[in-house]
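Since the structure comes first, as structure tokens, the remarks are kept for the end.
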Amino acid sequence: MNRFHDFDGKWQKYWAENKTFKAYNQSDKPKYYVLDMFPYPSGAGLHVGHPLGYIASDIYARYMRHKGYNVLHPMGYDSFGLPAEQYAIQTGQHPAVTTEQNIRRYREQMDKIGFSFDWDREIRTSDPKYYKWTQWIFLQLFKHWYNKKTDKAEPIAELIKTFEREGNVNVEAAADEDTPVFTAEEWKNFDDKQKDEILQKYRLTYLAEKEVNWCPGLGTVLANDEVVATDQGLVSERGGYPVYKKKMKQWMMRITAYAERLLRDLDMLDWSEALKEMQRNWIGRSEGALVKFPLENGKDYLEVFTTRPDTLFGVTFMVLAPEHPLVDILTTPEHKAEVEQYKEQAARKSERERLAETKEKTGVFTGGYVLHPLTGEKIPVWISDYVLPDYGTGAIMAVPAGDQRDWEFATTFNIPIINIFEGHDVSKGANENKDAVLTNSEFLNGLRAKEAIRRMIDELEKRGLGRRKVQYKLRDAVFSRQRYWGEPFPIYYKNGIPHAIPEKHLPIELPEVEQYKPTPDGRPPLGNAKVWAWDEKNERIVSNDLIDRETVFPMELNTMPGWAGSSWYFNRYMDPWNDQAPFGQDAVNYWRKVDLYVGGSEHATGHLMYSRFWQKFLYDTGLVPEPEYSVKLINQGMILGTSAFARRIEGTNKFVSADLAKEHKTQKIHVDVNMVNERNELDTERFRNWRDDLRDAEFILNDQGKFLVDREVEKMSKSKYNVVNPDDIVEQYGADTLRIYEMFLGPIQIAKPWNTAGLKGVYNFLKKFWKLYHDQDGNFRLSDAEPTEKELQILHKTIKKVEDDIRNFDYNTAVSAMMIAVNELAALGTDKRAILEPLIVLISPFAPHMAEELWQRAGHEPSVEYAPYPTYDERYLKADTKEYPVAFNGKKRFTLELPADATKEQIEQAVMQHEKTVKYLEGKTPKKVIVVPGRIVNIVV
RNA sequence: GCUCGGGUGGCGGAAUUGGUAGACGCGUUGGACUUAAAAUCCAAUGGGCAGUAAUGCCCGUGCGGGUUCAAGUCCCGCCCCGAGUACCA
């Protein structure tokens, strides 16, 4: 007898050979684009957590095909990345080779789950045909600047014309802070190098000397979100290597130019509030003012950013970040030694342990003073590491009466505090309440913050002492990696100034190197390439030896970060074969944007930020028609592993059962979850043979003679030995069971630990479903008899519920609804075609293999994929209730909607039992009351 | 600390958004089939009290108040858990 999942392979083959899931760039059908975040193909293969999102999106894609849409549902690989390179360094194996192997394994695993991807559109970010266009987009960023007047990116070539015509006085750009102001005349007199340097300050991607997170263990720079803070200081997220702060020349992306639009356009996204909030916090917009404090020398001034200019009369000192350029000017000879020492200490602190848990304020007085812009009073200037060099101007005006941090600092160092709030006691702390009424503040006395801020800024602007300013936390993103396995920059250096390699020479392919490590003198791995220099005259890449600084120039040795390729891939799927452009205009105008995007929320401040930024840039340059590429996003929760730990008595090789561990000083050792059963008992024999150092381990067993482990829910990871991979489940129970089980675990948005407890229930459900269509001998049976009212009710109720649930991504309850239907129909012994055929289509998105087989057995041509989705008939949904007019106190008041078989006594009893409700009803005269015997369920007034 | 989620049986989780709380599944218990086990099928399963029984009553959605004919759902005040962020001026 056939088992329902014996046909998985047959249909997977059929789908592949017939290209069942091909998407068309021209179609009469409406379009729908369902996208998954593409995976990095790691050596560990897929684990059960990966497919969760893929299954969810696949169900939706298949559902939409049933609804008559031309569905684009592609898949590819984010195939540049660190692990392949680490492996290459260790083994000498080219990363392309390991990547290829890993991809093959991923593909095999995905195929076994029966996804409806259009594999003809597969893309890989490490494929030169793909990264050609990543490089091309980089060059467009290099060739554009951000015009604040038009609020969009514009070509640098136009900017140069403006400079030649009128200098930069009228240019409002998102550019470096230190950009000089010049006239057309001055511009023309700059030499090429000076011109290039100025243009650098405008480009959307530019070189900058930056303090970066340098990770020697990985030989590269990491973005802030790739670094985690631990007790031991900063370490890399991947591998846990120490990370240090270091100044390096880096390519930067001017994402800050788009800060306001990235923030504003969140409103048009149908994302979870949590995710949007994360991006809002990351962008961190705050409104305030820049205020100038003149130095005593009368020529320089110290500028600060504040959100509370209304508290200006409460300023009693200033604090600079130790790195601030004015520190050296302000420091007096007497304080020099102390200041130098503090600066050094701060630098070292940031190197080791920025997160020092001590909230105590430290700092030193510089000996210098600035003048209060309004009162002219002398204000002492301090330095402290609680002021960050990168935010605002790297300096603050301290108002101890109004800011708790300033208050703590003032209290620590005995700096006077001026009270500026009515009824506030400054000995207790700062008053940060914006409703407090100001005092001691001249023209602001009697006002609250909101009004006072406005008046103060107006006053400052009038007197040229300050101006309104919107400040963002968002920083420009570091775009360089000192790595081999990434996109090379299409850039060469002439006189130390970066120049673009002409677009027609793209792609600039990765050169062969003998070593994937940095060069002995510390340059990135591309420095090992023999052929890696640009012959400008002949426009080709030539040997390093030929660099003559006249016609042949060194190439950029950095490569692009992981997020480069993933920042635009969703557009490439629309037209992945195009070799004339990143994607054709016909294609992009047809598909426009992703209709449903599924992926993890861990990308909230990384990929989902950068890709929105690139999309907006492409939108500005007219390449894409939509400013947001993914309006609807579902975050699938991670599937967590249930790690197991054995307790080892410290300093010995003795292990103690978890229930006895309290009696000993122990440490927890990760144990492979495959060596532990459901009762948490460890197979000590297997454990002993697991690793060499455990050969002679001893075990202290509990009363039952068992050795128990501790369990803990953690992220699934190879190093925690808690990885469960989907292959075994597919092998044993079939792809459909895995698909439905993963959906049945709970809402897809929620993180949940993997356990196989419920697997049996899902398997039984599918088995029952299969049996509905077969007699006891396993022969297919469908009768053409007329269905009964009861059967129709079951069918239509289920259609409505399942469809509603799919639309809301409540797949777990959709599955429940199908389980109920199958149980009810099985109990009735239904074999009617009119009932069971629509049911095949209903289950098809969830269990496509079984659906195809049943569909064929029912006498249809494959594929069930394109069978129309059944529609439900309202008439059958309410059929088990009936309306009764009810007389109350002798007068007709309302109708009751009741189960068809309710007795009159039951109705009256139901109403009378709820005296209060009845009293309420007397006054209101409701239209309808829905009742079940004993209870009122709903009142329609 | 701040921001955003969330606390429902032994467990995963439902509840049409204010209307029978605990759907569906797991687990557990009992039964059928079997020489036996597995598999399968049937039944019971929030807690308490009363009754031989059918059944009836009371209590129950983290805690304390409130609104309402009616609260898991709304409001106020707490407690706990998870995620993000962290001296952002």
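Computation of the quantities below employed the complete heavy-atom set of this structure, encompassing side-chain atoms and omitting hydrogens, waters and symmetry-equivalent molecules. A, B, ... follow the sequence lines: proteins, then strands. Residue 1 opens every chain.
The 5' end of RNA chain B is approached more closely, in terms of each residue's nearest nucleotide, by A/Ser601 than by the other of A/Ser601 and A/Gly284. Remark on RNA chain B: of its neighbouring residues A/Glu273 and A/Met819, the 5'-side contact belongs to A/Glu273, judged by nearest-heavy-atom nucleotide.
Salt-bridge formation is not detected for the pair A/Glu303/A/Lys469: no Lys NZ or Arg NE/NH1/NH2 atom is positioned less than 4.0 Å from an Asp or Glu carboxylate oxygen.
In this entry the distance linking CD of A/Glu408 with C1' of B/A89 reads 14 Å, nearest Å. Remark: P of B/A89 and CD1 of A/Ile453 are 12 Å apart, rounded to the nearest angstrom. Across the protein-nucleic acid pair, A/Lys801 atom NZ and B/A14 atom P stand 10 Å apart, rounded to whole Å. For the pair A/Leu745 CG and B/C11 C1', the computed distance is 13 Å after rounding to whole Å. The nearest whole Å value for the distance from the CG atom in A/Leu772 to the P atom in B/C41 is 12 Å. If you take OH of A/Tyr733 and C1' of B/G25, they are 14 Å apart, rounded to a whole angstrom. A straight line from CD of A/Gln279 to C1' of B/U3 spans 15 Å, rounded to a whole angstrom.
Aromatic rings from A/Tyr763 and A/His5 are positioned such that their centres are separated by under 6.0 Å. In this structure, the ring of A/Phe765 has its center no less than 6.0 angstrom from the ring center of A/Tyr741.
Glycosidic conformation of B/U29 is anti; the angle lies outside 90° of 0. With its glycosidic angle more than 90° from 0, B/G13 is assigned anti.
Across every strand in view, B/G60 sits unpaired, with no contact that passes the Watson-Crick or G-U test at under 3.5 angstrom.
Comparing B/G13, B/A14, B/C4 by their nearest atom to the side chain of A/Ile750 picks out B/G13. Of the listed nucleotides (B/A89, B/A14, B/C87), B/C87 has the atom at the smallest distance from the side chain of A/Tyr386. Listed nucleotides B/C87, B/A23, B/U40 differ in distance to A/Lys767; the shortest reach to its side chain belongs to B/U40. Among the nucleotides B/U40, B/A14, B/G25, the one closest to the side chain of A/Asn812 is B/A14. Between B/G27, B/A23, B/C41, one nucleotide has an atom nearer to the side chain of A/Lys760 than all others, and that is B/G27. For A/Asn764, taking side-chain heavy atoms from C-beta onward, the closest of the listed nucleotides B/U40, B/A89, B/C4 is B/U40. For A/Lys768, counting side-chain heavy atoms from C-beta on, the closest listed nucleotide (B/A14, B/C24, B/C41) is B/C41. For A/Leu388, the listed nucleotide lying nearest its side chain is B/A89; candidates were B/A23, B/A89, B/U85. In this structure, the nucleotide among B/G13, B/C87, B/A89 sitting nearest to the side chain of A/Pro747 is B/G13. Nearest nucleotide to the A/Phe305 side chain, out of B/A39, B/A89, B/C87: B/A89.
For the atom pair NE2 of A/His324 and OG1 of A/Thr366, the computed distance is 11.5 Å after rounding to the nearest 0.5 Å.
A cation-pi arrangement is not found for A/Lys361 relative to A/Phe409, the charged atom failing to lie both closer than 6.0 Å to the ring centre and inside a 45° cone about the ring normal.
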